[in-house]
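As structure tokens, the structure follows; a few thoughts come after it.
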Amino acid sequence: MPEGWIWDGGRPCVDLLNTLRDRMSGGRETLWTPADLSAWLEEAGLLEGVRGDAGPLEDGGVEAGPARTPTSARATERDLLSARELRAAVDTAAFAVIEERPVPEGVVATINASASAVSMAPSLALDARGRPVLTRNPSAAVPTALAEIAVDAIGLLTDGELTRLRVCAADDCGVRFLDRSPARNRQWCSMRRCGNRTKARRHYARGRD
């Protein structure tokens with residue numbers, strides 16, 4: 001896993017936003033290649049149900065493929081571009097709504113295009129014991145995963161949870177997260193990663209005064 005992937009967003013679409021790290025200092029890309037995107041989607045659990053090449057069983061069923069992502073489910077350069085475009089669109093739309101600014105029409109079009117790119121309907125197959133298992137078409141696995149993220153973003157942008165979207169208070173971070181604390185006063189993307197470091201820095205600064 002490339003250094004920089006974090007899972008503190010609270011929703012898949014917010015986790016996607018955080019694949020662009022260190023926004024406060026110019027930004028650091030973590031999705032450099034199609035292989036990075038495939039690995040991130042797999043780590044996020046968005047390629048679950050994708051089977052490799054399946055073989056017929058004696059009773060006519062289909063044996064589920066291995067857990068690893070099959071070659072036909074790996075991201076392409078086009079998928080990588082789509083993921084980055086979706087990420088930028090969701091971030092722009094979310095903060096436009098929060099700041100009570102109009103959302104650009106082109107941003108809406110990008111999110112809708114991702115959401116409607118493919119059918120997200122799963123299908124059933126039978127495993128080696130004849131039990132039903134969820135499967136997805138490997139050839140559409142990555143566009144389907146991106147469509148799921150876009151649909152999640154549409155939900156975020158239109159339900160009350162958007163009011164919980166925060167940016168980490170650390171000056172050099174920029175990670176987005178949903179504040180689900182009871183008092184809605186969470187400041188850090190992670191106390192371990194940013195909270196303790198910032199508090200230590202402030203304590204050091206006070207000691208020098």
Side-chain angles (χ1 to χ4, degrees), residues 1-48 50 67-96 98 107 110-111 113-115 117-118 138 140-157 161-162 164-180 186-198 201:
M1 182 178 71
E3 182 183 357
W5 288 353
I6 60 173
W7 310 98
D8 298 316
R11 296 177 71 139
C13 64
V14 183
D15 285 333
L16 177 65
L17 300 184
N18 292 330
T19 58
L20 182 61
R21 294 293 309 281
D22 303 335
R23 290 173 182 264
M24 299 303 187
S25 55
R28 174 165 59 90
E29 182 63 74
T30 68
L31 299 179
W32 282 107
T33 67
D36 290 337
L37 176 59
S38 293
W40 184 86
L41 290 171
E42 194 162 16
E43 185 75 16
L46 292 168
L47 293 181
E48 291 179 357
V50 178
R68 62 181 175 80
T69 305
T71 302
S72 54
R74 294 174 187 167
T76 64
E77 290 286 350
R78 177 59 201 167
D79 293 329
L80 179 62
L81 178 61
S82 296
R84 289 176 175 176
E85 290 175 344
L86 176 60
R87 180 181 65 191
V90 173
D91 198 66
T92 298
F95 285 95
I98 290 171
V107 165
T110 296
I111 296 171
S114 292
V118 293
V142 173
T144 296
L146 295 178
E148 290 177 353
I149 294 173
V151 169
D152 182 57
I154 291 170
L156 176 65
L157 292 166
E161 195 164 46
L162 185 60
R164 294 178 178 268
L165 187 65
R166 304 282 188 269
V167 177
C168 181
D171 294 339
D172 56 352
C173 183
V175 162
R176 282 81 165 112
F177 63 89
L178 294 173
D179 178 8
R180 294 187 174 125
R186 177 180 164 191
Q187 292 183 282
W188 320 109
C189 60
S190 165
M191 180 57 70
R192 174 184 55 81
R193 185 172 51 250
C194 284
N196 290 336
R197 177 167 54 86
T198 302
R201 190 179 296 164

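We count residues from 1, following the sequence as given.
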To the nearest 0.5 angstrom, please state how far the CD atom of Q187 sits from the CZ atom of F177. 8.5 Å
Between CG of D172 and CG of D22, what distance do you get to the nearest 0.5 Å? 7.0 Å
Is there side-chain contact between D15 and I149, with at least one heavy-atom pair below 4.5 Å? no
Could I get the full list of side chain to side chain donor-acceptor pair (under 3.5 Å) partners for D79, not counting sequence neighbours? T76
What one should report as the nearest heavy-atom pair of A115 and A147 is O-CB, 3.8 Å
Salt bridge flag under 4.0 Å for residues R186 and D179: no
Of all heavy-atom pairs linking L31 and L80, the shortest is O-CD1, 3.5 Å
Can you find a heavy atom in the side chain of T144 that is under 4.5 Å from one in the side chain of E148? yes
Backbone N or O of G155 within a donor-acceptor pair of the R11 side chain at under 3.5 Å? no
Is D36 reaching over with its side chain to a backbone N or O of T33, donor-acceptor style, under 3.5 angstrom? yes
Heavy-atom side-chain contact between I111 and I154 under 4.5 Å: yes
What closest approach, in Å, do R164 and R180 show between heavy atoms, and which atom pair accounts for it? NH1-CA, 3.5 Å
In this structure, CZ of R176 is separated from CD1 of I6 (nearest 0.5 Å) by 10.5 Å
Please determine which of M24, R23, R21 meets the side chain to side chain contact (heavy atoms under 4.5 Å, CB included) test together with V175. R21
Walk me through it: do L178 and R166 pass the test side chain to side chain contact (heavy atoms under 4.5 Å, CB included)? CA-CA 6 Å; L178 294 173; R166 304 282 188 269; over 6 Å; no
Interatomic distance, L156 atom CG to C13 atom SG [nearest 0.5 angstrom]: 4.5 Å
Does any N or O in the side chain of T19 come within less than 3.5 Å of the main-chain N or O of L16, such that one atom is a donor and the other an acceptor? yes
Let's go through N18 and D8 carefully: what are the C-alpha distance in whole Å and the side-chain angles of both, what is the deciding distance for side chain to side chain contact (heavy atoms under 4.5 Å, CB included) to 0.1 Å, and is it a yes or a no? CA-CA 9 Å; N18 292 330; D8 298 316; 5.6 Å; no
Distance from R74 atom CZ to E42 atom CD, nearest 0.5 Å? 9.5 Å
Looking only at heavy atoms, which two atoms of A141 and L47 are closest? And how far apart? O-CD2, 3.8 Å
Quick one: CG on L20 to CZ on R28, what's the gap to the nearest 0.5 Å? 9.5 Å
Considering all heavy atoms, the nearest A93-V107 contact: CB-CG1, 3.7 Å
Working note: W40 + T30, criterion side chain to side chain contact (heavy atoms under 4.5 Å, CB included); need CA distance, chi angles, decisive distance, verdict. CA-CA 9 Å; W40 184 86; T30 68; 5.7 Å; no
Which pair of heavy atoms, one from A170 and one from W188, lies closest together, and at what distance? N-CZ3, 3.6 Å
